[in-house]
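To start, the structure itself, in structure tokens.
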Amino acid sequence: QELASTLVKERGMKETLAKALITYRTVSTDDVKVINEFSKLYPKADVNVIAKMVIEIPKEIRKRFGVDTSRIGREEQSAVLSTLNQGKIPHDSILYIFVDYLTGKTIESAMSKYEIMSDRELRKIIKNVVEQNKGKKESVLMGLVMQSVRGRVDGEKVSKILREMI
């Protein structure tokens with residue numbers, strides 16, 4: 001309970017997430033401590049993203065991809081958070097980085113694959129998608145762009161630029 005309070009007050013975690021961490025029996029006290037430690041080590045990384053990486057992403061990988069996630073350790077999580085903290089990868093790429101890592105790539109090569117795309121490159125992709133799909137709904141265009149940039153740009157940024165261009 002005390003850790004949840006700390007995560008909310010000092011680290012900016014959403015209160016509902018902090019409460020869920022404490023009440024779900026599938027989340028260990030160790031996980032909560034790790035989230036707290038990571039949030040101290042990597043202050044630019046959103047604590048909610050850290051919690052998702054520690055708790056939800058391994059479950060999602062097992063469910064969606066049928067891949068054993070036991071190789072994702074604190075060292076790999078720390079490497080990803082360090083790169084995220086430096087602004088080199090978007091938080092949307094974390095799941096894909098771990099999938100690539102678990103299917104044979106090194107954590108470094110997986111992260112380099114998802115380095116943030118430049119605005120210029122993103123605008124070019126969006127322009128091409130819009131031109132090739134005239135008359136399509138914004139949601140369809142958004143899906144096509146996200147499929148193309150897969151994990152290299154946050155969805156919010158894509159949405160903002162897409163709205164400017166249509």
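When all heavy atoms of Val54 and Val34 are compared, the closest pair comes out as CG2-CG1, 4.3 Å. The nearest pair of heavy atoms linking Gly87 to Ile116 is O-CD1, 3.2 Å. The minimum heavy-atom distance linking Ile89 with Met111 is given by the pair CG2-O, 3.8 Å. Nearest heavy atom pair, residue Val47 against residue Ser39, reads CG2-CB, 3.9 Å.
A salt bridge links Lys40 to Glu37: one of the charged nitrogens lies within less than 4.0 Å of a carboxylate oxygen. Glu56 has no carboxylate O lying under 4.0 Å from a charged side-chain N of Lys52, or vice versa, which leaves the two without a salt bridge. One finds a salt bridge joining Asp119 and Lys157 here, because a Lys/Arg side-chain nitrogen approaches an Asp/Glu carboxylate oxygen to under 4.0 Å.
Atoms CD1 and CG, on Ile125 and Leu144 in that order, are 12.0 Å from each other to the nearest 0.5 Å. Interatomic distance, CD of Glu138 versus OG of Ser159, reported as 5.5 Å (0.5 Å rounding). Note: Lys134 NZ to Gln132 CD = 10.0 Å, rounded to the nearest 0.5 Å. Remark: Arg123 CZ to Leu162 CG distance equals 11.0 Å, nearest 0.5 Å. Separating the CG atom in Asn48 from the NE2 atom in His91 is a distance of 10.0 Å, to the nearest 0.5 Å. Put simply, CD on Glu121 and CZ on Arg152 are 5.0 Å apart, with the number rounded to the nearest 0.5 Å.
When each of Leu95, Ile94, Ile72, Leu84 is paired with Met53, the side-chain contact (heavy atoms from CB on, under 4.5 Å) condition holds for Ile94 and for no other.
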- request: In sequence, state the C-alpha distance, the side-chain angles, and the governing distance for Leu81 and Leu41, and then conclude on side-chain contact (heavy atoms from CB on, under 4.5 Å).
  value: CA-CA 9 Å; Leu81 286 174; Leu41 288 170; over 6 Å; no
task: Using the side-chain contact (heavy atoms from CB on, under 4.5 Å) rule, take Lys33 and Asn36 through it: C-alpha gap first, then chi angles, then the decisive distance, then the call.
output: CA-CA 5 Å; Lys33 287 178 183 175; Asn36 192 36; 5.6 Å; no
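Using a 4.5 Å heavy-atom cutoff, the side chains of Ile107 and Phe98 are in contact.
There is a side-chain donor-acceptor pair under 3.5 Å between Ser109 and Thr106.
With Asp68 contributing its side chain and Ser70 its backbone, the two residues share a donor-acceptor pair below 3.5 Å. Side chain of Asp92 to main chain of Gly155: a donor-acceptor pair is present (N/O by atom type, distance under 3.5 Å, no hydrogens or angles).
Residues in residues 102-118 take part in these salt bridge (Lys or Arg N to Asp or Glu O under 4.0 Å) pairs, two or more places apart or across chains: Asp100-Lys113. For the side-chain hydrogen bond (donor to acceptor under 3.5 Å, both in side chains) condition, the pairs that include at least one residue of residues 71-85, sequence neighbours left out, are Asp31-Arg74, Tyr42-Ser78, Arg74-Gln77, Glu76-Tyr101, Ser82-Gln86.
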